[in-house]
Amino acid sequence: MGNAEESKPPKRPKKVRVEFRRNRTTRKRQRDWTREALEAEDHEVDTNASETVRAKGSLSRKRTVLDHGEQSLEARGLRCGVVIAMRGLYADVDDGTKVWPCTVRRVLRTRLIEERHPVTVGDRVHFRPSAESTGVVQEGVIEDREPRTGILQRQSGRRLQTIVANVDYVVVVSSAGEPYPKPHLIDRYIVAAHAGEITPVVCMNKMDLDENGSAAALLERYAALDYRTLFTSTVTGVGLDELRTLLAGRASVLSGQSGVGKSSLLNAIQPGLQLRVGQVADQTQKGRHTTVTARLIPLEVGGYVVDTPGVRSFDMTAVDPGQVEAYFREFVPLVPDCKYPDCTHIHENGCAIKNGVESGAVHPDRYASYVRILEDPASPS
Ligand SMILES: Nc1nc2c(ncn2[C@@H]2O[C@H](COP(=O)(O)OP(=O)(O)OP(=O)(O)O)[C@@H](O)[C@H]2O)c(=O)[nH]1
Ligand SMILES: [Mg+2]
Ligand SMILES: [Zn+2]
């Protein structure tokens, strides 16, 4: 794939697009890079291809060289890829041809010091393949990270942890039993999703265990707020087609308590995945934290999904308290009716939100979640 134009000194900014393979250049779907990556493996023609990572993670099969007088990525010896997993100090980066274990250049770590993970799953990065003493190029060093959209973050000790970047949906998974749902944890995830500009979807798994209908009733609360909801069971198969359709062609993250069946759901919608699945301890009704690291999984139906380890609690210290009311969507139309313009909806008289709880416009559990997030953002849920 030599290209004479790239080695000339640039006269004026110009865009050089190099057709890589015509039948691969139509972008049927925006977020199709994983499928294309899989196809690329099949065709074995991409050894020297350089690819451009586009908005929301789709890898283009054309090369686009934006030449602003700076050297192109390729000329600087850099490749683009997507981080599919973090392993200690290593990030596994998929450039569409293979997975490169990469370290993160110290200067980048320093620049992004406030974050626990300057690079995280879903990030689009530029990396430099580095030769070992043997001359074999197997690893890389991440030199740069592209701007993120759609991030799921939480506080981890004194640092802000970005669990995953560049996703469209957070699928908040609970289970009808073993363990029972925690409405407050669902609300925390919904707030975090809105704060990170991701669309939350509320999923109730293990519907085969919903004997008295309470899990269905809980989900109804979220459907009434216009959140997309899903009822699933890997035992009866209910809702699995709907989940597959939801995830197709999108970037999503599955989150929730340990043991609710996140990995089981992914195994069920894509047989052959063989993610590890754990038993729920009888005594405590707690999951066993079977999944230990977040991992990005390409889907056969296009798009990708990130399976995350279950959480016990969700520290929301990082969310701006003044913004929390905006993330409770049923509060938004009521807030202008509060007596005080800076009403926190906790202690004040004449509060339209508290009146809404009285009148039934606001569910008391939702209001309780709001108060807990503001008063005790770090609390175990
Ligand atoms: N009854 C029932 N059990 C299920 C269902 N889905 C999963 N399970 C069981 O729930 C247990 C936990 O499943 P996992 O898929 O490991 O749960 P997880 O959410 O990935 O858990 P972590 O990885 O620890 O966060 C396993 O024993 C599964 O067999 C379901 O729909 N119904
Ligand atoms: Mg799991
Ligand atoms: Zn108020």
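Hydrogens, waters and symmetry mates are skipped; everything else that's a heavy atom, side chains included, is used. This is a predicted model, so every value here is computed, not measured.
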Hydrophobic cluster identity match, [X] and [Y], side-chain contacts under 4.5 Å:
{"X": "Val119", "Y": "Ile151", "value": "no"}
{"X": "Ile190", "Y": "Leu218", "value": "yes"}
{"X": "Ile373", "Y": "Val371", "value": "yes"}
{"X": "Ile269", "Y": "Val301", "value": "yes"}
{"X": "Leu225", "Y": "Val332", "value": "no"}

So do [Y] and [X] actually touch side chain to side chain, heavy atoms under 4.5 Å?
{"X": "Met204", "Y": "Pro181", "answer": "yes"}
{"X": "Val93", "Y": "Val99", "answer": "no"}
{"X": "Leu240", "Y": "Leu265", "answer": "yes"}
{"X": "Glu330", "Y": "Ile353", "answer": "no"}
{"X": "Leu299", "Y": "Val305", "answer": "yes"}
{"X": "Asp144", "Y": "Val125", "answer": "no"}

So, the side chain of [X] versus the backbone of [Y]: is there a donor-acceptor pair under 3.5 Å, distance only?
{"X": "Thr120", "Y": "Thr162", "answer": "yes"}
{"X": "Thr308", "Y": "Leu254", "answer": "yes"}
{"X": "Asn166", "Y": "Gly122", "answer": "yes"}
{"X": "Arg372", "Y": "Pro377", "answer": "no"}
{"X": "Lys262", "Y": "Gln257", "answer": "yes"}
{"X": "Gln153", "Y": "Leu160", "answer": "no"}
{"X": "Asp365", "Y": "Ala368", "answer": "no"}

Item to check | Check against side chain to side chain contact (heavy atoms under 4.5 Å, CB included), Arg188 and Arg154 | outcome: CA-CA 10 Å; Arg188 285 192 174 225; Arg154 71 167 172 179; over 6 Å; no
Contact summary for [X] and [Y], nearest pair of heavy atoms:
{"X": "Pro129", "Y": "Phe127", "answer": "CD-O, 3.7 Å"}
{"X": "Cys343", "Y": "Glu325", "answer": "O-OE1, 4.1 Å"}
{"X": "Asn349", "Y": "Tyr340", "answer": "O-CE1, 3.6 Å"}
{"X": "Ser252", "Y": "Leu247", "answer": "OG-CD2, 3.4 Å"}
{"X": "Cys203", "Y": "Thr232", "answer": "SG-OG1, 3.6 Å"}
{"X": "Leu73", "Y": "Cys80", "answer": "CD1-SG, 3.4 Å"}

Once rounded to the nearest 0.5 Å, what's the spacing between atom [atom1] of [X] and atom [atom2] of [Y]?
{"X": "Asp92", "Y": "Cys102", "atom1": "CG", "atom2": "SG", "value": "8.0 Å"}
{"X": "Arg295", "Y": "Ile84", "atom1": "CZ", "atom2": "CD1", "value": "7.0 Å"}
{"X": "Asp208", "Y": "Thr234", "atom1": "CG", "atom2": "OG1", "value": "7.0 Å"}
{"X": "Leu334", "Y": "Cys351", "atom1": "CG", "atom2": "SG", "value": "9.0 Å"}
{"X": "Met316", "Y": "Asp376", "atom1": "CE", "atom2": "CG", "value": "12.5 Å"}
{"X": "Ile163", "Y": "Leu152", "atom1": "CD1", "atom2": "CG", "value": "4.0 Å"}

Checklist entry - With Arg128, which residues qualify under salt bridge (Lys or Arg N to Asp or Glu O under 4.0 Å), at least two apart? => result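 Applying salt bridge (Lys or Arg N to Asp or Glu O under 4.0 Å) to Arg128 gives Glu143.
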Next on the checklist: Under the rule for salt bridge (Lys or Arg N to Asp or Glu O under 4.0 Å), what residues qualify as partners of Asp241, not counting sequence neighbours?
Outcome noted: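 Asp241: salt bridge (Lys or Arg N to Asp or Glu O under 4.0 Å) contacts with Arg244.
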For [X], enumerate each residue passing the side chain to side chain contact (heavy atoms under 4.5 Å, CB included) test, keeping only those at least two apart in sequence or located in another chain.
{"X": "Asp226", "result": "Arg329"}
{"X": "Ser263", "result": "Leu275, Val277, Thr291, Asp307"}
{"X": "Ser175", "result": "Pro179, Lys206, Val260"}
{"X": "Ala361", "result": "Ser359"}

Next on the checklist: What verdict does the side chain to side chain contact (heavy atoms under 4.5 Å, CB included) test give for Arg228 and Val202, after you've listed the backbone C-alpha separation in whole Å, the side-chain angles of each residue and the deciding distance to 0.1 Å?
Outcome noted: CA-CA 6 Å; Arg228 178 134 183 204; Val202 189; over 6 Å; no
Partner set under side chain to side chain donor-acceptor pair (under 3.5 Å) for [X], not counting sequence neighbours:
{"X": "Thr344", "result": "Glu348"}
{"X": "Tyr90", "result": "Glu139"}
{"X": "Asp337", "result": "none"}

Item to check | ring pair (Phe, Tyr, Trp, His ring centres under 6.0 Å) pairs, two or more places apart, involving residues 186-237 | outcome: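 Residue pairs passing ring pair (Phe, Tyr, Trp, His ring centres under 6.0 Å), neighbours aside: Tyr189-Phe314, His194-Tyr227.
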Item to check | Selection residues 351-373 - residue pairs positive for ring pair (Phe, Tyr, Trp, His ring centres under 6.0 Å), sequence neighbours left out | outcome: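 Qualifying pairs: Phe328-Tyr370, Phe331-Tyr370, His345-Tyr370.
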Next on the checklist: Going by side-chain contact (heavy atoms from CB on, under 4.5 Å), Val172 matches just one of Ile186, Val201, Leu185, Val253. Which one?
Outcome noted: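 Passing option: Ile186.
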Checklist entry - When you look at Asp123 and Arg148, which way does the side chain to side chain contact (heavy atoms under 4.5 Å, CB included) test go after all the steps? => result CA-CA 7 Å; Asp123 268 327; Arg148 293 166 166 169; 2.7 Å; yes
Checklist entry - Do we see a donor-acceptor contact under 3.5 Å between the side chains of Trp100 and Asp95? => result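 The answer is yes; a qualifying pair exists.
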Can you give the donor-acceptor pairs under 3.5 Å from side chains of residues 209-217 to other protein atoms, not counting sequence neighbours?
| from | atom 1 | to | atom 2 | distance (Å) |
| --- | --- | --- | --- | --- |
| Asp210 | OD1 | Gly213 | N | 3.4 |
| Asp210 | OD1 | Ser214 | N | 3.2 |
| Asp210 | OD1 | Ala215 | N | 3.0 |
| Asp210 | OD2 | Ala216 | N | 3.1 |
| Asn212 | OD1 | Ser214 | N | 3.0 |
| Asn212 | OD1 | Ser214 | OG | 2.9 |

Item to check | Verdict with reasoning, Met207 to Thr236, per side chain to side chain contact (heavy atoms under 4.5 Å, CB included) | outcome: CA-CA 8 Å; Met207 281 306 287; Thr236 67; 6.0 Å; no
